[in-house]
2 protein chains.
Amino acid sequence: MPQDHLTQTFSALADPTRRAILARLITGEATVTELSKPFEMSMPAISKHLKVLERAGLIARSREAQYRPCRLEAKPLKEVSAWVEEYRQIWEHRLDRLDAYLQVLKKKEQRNARSKKKPR
Amino acid sequence: MPQDHLTQTFSALADPTRRAILARLITGEATVTELSKPFEMSMPAISKHLKVLERAGLIARSREAQYRPCRLEAKPLKEVSAWVEEYRQIWEHRLDRLDAYLQVLKKKEQRNARSKKKPR
DNA sequence: TTTATATTTAACCGTCAGGTTATTTAAACA
DNA sequence: TGTTTAAATAACCTGACGGTTAAATATAAA
């Protein structure tokens, strides 16, 4: 079933083996066998992890003879970055100038919104 | 068993319901009942989601009478942000000045690392 | 054409995540 | 005290996830 991008990306990143694979790929392309070396895990297991990363768009693969070299793709991380940064900024601002404003909003809601007036 | 922070945070964020809860919490504290309103889901389900978010450190909870208001916590997102940004920078730089250097690294590895010489 | 190498697919298994309903706990209120 | 409200816990179900081994596929090499 069609999962949204963010969910797919976050899920893909929520596994230490997959993050380690990405870390390894920073130094350049690698084949499946090369990637499997550091892990005490069967090839099919690695193959599955790679498929997850590929579906999430975090890696791309080509074909060279029998090999299927993998390389990193940055696009999905931009989406993640944007999401995270939005929250970070809000949180940081909450601590100073936006704090008062949000407090007001909160109080208003808690008083079970009797008035239907909206700001502007 | 003890999961590393990043795995825990990414897992927590890899669910649209939980991200929606976080989005709702941007506007201020909310009780469990309030949070459950927008979702066609039982209270225990929401309760579980909140526990996941709490374990990941993304929310904190207090006690007011029977209520257990939730509020956002930013700390774990800093870790995520740092991780993502590291990769983004590498990728972005790969496209220009670092590209050549990484190509060299890659080639050297592929020639099964006969020489043990390291750059500086 | 056979054989070897790299990788994927198939079939299976145990665990855990995300949901349910029913029950319990905690505090407020009548 | 007994009742209502807020939330958590228990017990359960189902499906997906992460792993396995064995078989299939694709290409290179002998």
Side-chain angles (χ1 to χ4, degrees), chain A residues 1-4 6-22 24-25 28-56 58-71 106 109-112, chain B residues 1-4 6-22 24-25 28-56 58-71 109-110 112:
Chain A
M1 289 288 86
Q3 270 188 323
D4 62 287
L6 266 177
T7 298
Q8 216 169 350
T9 310
F10 276 129
S11 306
L13 296 176
D15 182 288
T17 303
R18 287 194 288 263
R19 289 199 305 278
I21 289 175
L22 293 181
R24 167 64 177 72
L25 288 178
E29 284 196 0
T31 68
V32 180
T33 310
E34 281 166 359
L35 287 173
S36 74
K37 282 277 163 55
F39 306 101
E40 299 191 336
M41 206 178 288
S42 68
M43 289 273 297
I46 299 293
S47 206
K48 282 187 184 182
H49 281 305
L50 293 177
K51 186 169 287 181
V52 172
L53 291 171
E54 191 178 18
R55 287 243 175 84
L58 287 161
I59 67 172
R61 330 183 63 175
S62 43
R63 182 173 265 294
E64 279 176 35
Q66 317 104 34
Y67 308 90
R68 304 289 311 276
C70 308
R71 65 170 191 283
K106 174 183 132 194
E109 274 177 22
Q110 283 179 348
R111 284 179 207 135
N112 58 331
Chain B
M1 290 295 86
Q3 272 187 318
D4 63 287
L6 266 177
T7 298
Q8 214 167 353
T9 309
F10 277 129
S11 307
L13 296 176
D15 182 287
T17 303
R18 287 195 290 264
R19 289 199 307 279
I21 289 175
L22 293 181
R24 167 63 178 73
L25 287 176
E29 286 196 0
T31 68
V32 179
T33 310
E34 281 166 357
L35 288 174
S36 74
K37 283 277 163 58
F39 306 101
E40 299 193 336
M41 204 178 290
S42 67
M43 289 273 297
I46 300 293
S47 209
K48 282 187 184 182
H49 281 305
L50 293 176
K51 187 170 285 179
V52 172
L53 291 170
E54 191 178 19
R55 287 241 174 87
L58 286 161
I59 67 170
R61 330 181 63 173
S62 43
R63 182 174 265 295
E64 277 176 37
Q66 317 105 35
Y67 308 90
R68 304 288 312 274
C70 308
R71 65 170 190 282
E109 272 176 23
Q110 283 179 348
N112 59 333

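First the proteins, then the strands, lettered A, B, ... as listed; each starts at 1. Worth saying up front: this structure is predicted, and the values here are computed from it rather than measured.
Between A:R24 atom CZ and A:F39 atom CZ the span is 9.5 Å, to the nearest 0.5 Å. Taking OG1 of A:T9 as the start and CD of A:Q3 as the end, the distance is 9.5 Å to the nearest 0.5 Å. To the nearest 0.5 angstrom, A:D15 atom CG is 10.0 Å from A:L22 atom CG.
Contacts of A:T31 with the nucleic acid, taken as non-hydrogen atoms under 4.0 Å apart, involve only primed sugar atoms and P, OP1 or OP2.
Closest to the B:K48 side chain, of the nucleotides C:dA6, C:dT8, C:dG19, is C:dG19. Among the nucleotides C:dA6, D:dT5, D:dA8, the one closest to any side-chain atom of A:Y67 is C:dA6. Distances were taken from every side-chain heavy atom of B:A65 (C-beta onward) to each of D:dT27, C:dA28, C:dT8; the shortest belongs to C:dA28. For B:R63, counting side-chain heavy atoms from C-beta on, the closest listed nucleotide (D:dG18, C:dA26, C:dT8) is C:dA26. Comparing C:dT20, C:dT8, C:dA28 against the side chain of B:Q66 picks out C:dA28 as the nearest. The listed nucleotides are D:dA8, D:dT21, C:dG18; the one nearest the side chain of B:R61 is D:dA8. Nearest nucleotide to the side chain of A:P44, out of C:dT20, C:dA6, D:dT20: D:dT20. In this structure, of C:dT20, D:dA7, C:dG18, it is D:dA7 that holds the atom nearest to the side chain of B:R68.
Checked by atom type and distance alone, the side chain of A:R68 pairs as donor or acceptor with a backbone atom of A:S62 at under 3.5 Å. Under a 3.5 Å cut-off, the side chain of A:R63 and the backbone N or O of A:A65 do form a donor-acceptor pair.
Taking 4.0 angstrom as the limit, B:R18 places a side-chain polar atom (N or O) nearer than this to OP1 or OP2 of C:dG18. Note on A:S47: a side-chain N or O is less than 4.0 Å away from OP1 or OP2 of C:dT8. Taking side-chain N and O atoms only, A:H49 has no distance below 4.0 Å to OP1 or OP2 of D:dC17. Contact check, B:S42 against C:dT20: a side-chain N or O comes under 4.0 Å of OP1 or OP2.
As rounded to whole Å, 11 Å separates atom C1' of D:dG19 from atom CG of A:D15. Remark: P of C:dG19 and CG of B:L50 are 12 Å apart, rounded to the nearest angstrom. The distance from atom NZ of A:K51 to atom P of C:dT8 is 8 Å, rounded to the nearest whole Å.
Checking A:V52 against A:E64, the closest nucleotide of DNA chain D that is more toward the 5' end is the one next to A:V52.
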